[in-house]
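Structure record follows, encoded as structure tokens.
All values derive from a computational prediction rather than experimental measurement.
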Amino acid sequence: MGLFDIFTGAPAKKAAEQAKQAAGQQRSYFDQVGGANTAAIEGGLDLSLGALTQGYNTGAGAVGQGYSDASGYLNSGAGAARAAYDPLKALSSKYGGATTMALNSLGVNGAQGQADARGAFQAGPAYNFNMEQGLEAINRRRAAGGMLDGGNADRDAQTFGAGLASNEYDKWMNQLLGFTSPELAATSGTATGLAGIETGLGQGQAGLATQRGSMMADLAQRYGTGQAGLQTGAANAKVGSALALAQPYANTYKQEADASKYAADAQMAGSKNMWGLGMNLASLGTGLIPGGGIGAMFGGGGNPSMGGNSNPFMSSGNVNPAYMQYG
């Protein structure tokens with residue numbers, strides 16, 4: 001430290017400058033800490049959001065797969081139930097053939113239907129057997145009486161044949177019509193059973209769809225709540241980090257301000273000291289230099305013992321050797 005540093009405030013200025021640099025370094029450190037905290041919070045948020053999204057996608061996939069599997073099992077069960085009605089449907093088809101023939105015999109299906117019914121009736125074994133047995137009986141009776149080739153024999157055969165056809169045809173029709181109720185029962189049972197299967201399948205599918213919708217809605221709600229919670233937590237963490245650094249950060253500016261004030265105060269004090277030094281030197285000069293005063297102290301001429309120069313300072317700024325000798 002120089003001799004006149006106390007009068008200029010240089011040490012205080014240096015200390016203040018060092019304090020300012022330290023405050024700036026502290027702020028830089030706080031900036032780094034705050035940036036690192038923010039990066040860590042955002043990195044944690046990204047990882048958490050990624051895990052949440054993965055969990056949501058996994059859950060949604062499981063719900064979709066469960067729905068698909070359940071729907072497949074439901075359809076398989078419905079298919080098996082439909083197959084159980086195949087024998088009943090086949091039976092109703094068999095009964096349906098008899099009722100169709102009955103409708104043909106009644107002329108419901110037109111002339112061709114009647115012709116088909118008549119052909120089926122005449123081809124029946126019961127009709128042919130009865131016809132043959134009846135004609136043989138007539139022929140035997142006529143042969144025994146010697147009237148086999150007579151007109152009465154032919155008339156008797158015709159009468160028998162017509163009567164047999166009428167009686168047998170009516171019985172045949174009634175037998176055909178008797179299948180109407182079984183056909184109706186089989187058809188109705190099949191229709192009712194299949195309708196029940198389709199209704200149950202539809203209700204099952206609707207129930208599965210409702211459950212899937214509820215599960216997906218619950219997943220979406222949880223996903224949204226989780227996202228909001230993570231975002232809120234990250235925001236709170238950032239605010240907390242900023243608040244934790246705010247006061248120390250603000251203190252660095254106060255330290256700089258205090259250092260500047262300290263430097264200014266030291267400079268003012270140095271100026272006062274310098275002024276006091278000047279005044280003291282002036283007073284000293286007045287007492288030491290004969291016939292002088294301040295003007296004699298800094299002017300020419302003066303005491304011969306000072307080498308003809310009463311000025312204690314040389315033009316070069318150094319102390320006059322004569323003044324030093326005199327002193």
- Query: When clusters are formed by joining ILVMFWY residues with side-chain heavy atoms under 4.5 Å apart, either directly or through shared neighbours, do Leu49 and Ile41 land in the same one?
  - Reply: no

- Note on the structure: Between the CD atom in Gln231 and the OG atom in Ser48, the distance rounded to the nearest 0.5 Å is 10.0 Å

- Here the gap from Leu245 atom CG to Asn251 atom CG, rounded to the nearest 0.5 Å, amounts to 11.5 Å

- Task: Any chance you could measure Leu243, atom CG, to Asn236, atom CG, to the nearest 0.5 Å?
- Result: 10.5 Å

- Can you name the residues that form a salt bridge (Lys or Arg N to Asp or Glu O under 4.0 Å) with Asp218, not counting sequence neighbours? Arg222

- Met216 with Leu52, same ILVMFWY side-chain cluster at under 4.5 Å: yes

- Message: With rounding to the nearest 0.5 angstrom, report the NZ to CD distance, Lys254 to Gln247.
- Response: 10.0 Å

- Message: Quick check: do Gln25 and Phe30 have side-chain heavy atoms less than 4.5 Å from each other?
- Response: no

- Task: Measure across Lys238 and Thr38 and return the closest heavy-atom pair with its distance rounded to 0.1 Å.
- Result: CE-CG2, 4.1 Å

- Verify, without hydrogens or angle tests, whether Ser28 (side chain) and Gly24 (backbone) share a donor-acceptor contact under 3.5 angstrom. no

- In sequence, state the C-alpha distance, the side-chain angles, and the governing distance for Asn109 and Asn104, and then conclude on side-chain hydrogen bond (donor to acceptor under 3.5 Å, both in side chains). CA-CA 5 Å; Asn109 294 325; Asn104 287 339; 2.5 Å; yes

- Query: So do the side chains of Gln26 and Pro248 get within less than 4.5 Å of each other, counting heavy atoms only?
  - Reply: no

- Member of Met215, Arg212, Gln211 meeting the side chain to side chain contact (heavy atoms under 4.5 Å, CB included) criterion with Tyr67: Arg212

- Please report the closest heavy-atom contact between Leu208 and Ser71, naming both atoms and the distance. CD1-N, 3.6 Å

- Message: Nearest 0.5 angstrom please: Asp69 CG to Leu74 CG, how far?
- Response: 12.5 Å

- So do the side chains of Leu194 and Ile197 get within less than 4.5 Å of each other, counting heavy atoms only? yes

Quiz: residues 182-190 side-chain donor-acceptor pairs under 3.5 angstrom, not counting sequence neighbours:
| residue | atom | partner | partner atom | Å |
| --- | --- | --- | --- | --- |
| Glu183 | OE1 | Thr99 | OG1 | 2.7 |
| Thr187 | OG1 | Glu183 | O | 2.8 |
| Ser188 | OG | Leu184 | O | 2.8 |
| Thr190 | OG1 | Ala186 | O | 2.8 |

- Query: Is Thr232 reaching over with its side chain to a backbone N or O of Ala228, donor-acceptor style, under 3.5 angstrom?
  - Reply: yes

- Item | Partners passing salt bridge (Lys or Arg N to Asp or Glu O under 4.0 Å) against Arg27 (at least two apart in sequence or in another chain) | Glu256

- Can you find a heavy atom in the side chain of Arg82 that is under 4.5 Å from one in the side chain of Leu201? yes

- Query: What pair of heavy atoms forms the shortest contact from Leu219 to Gly59, and how long is it?
  - Reply: CD1-C, 3.4 Å

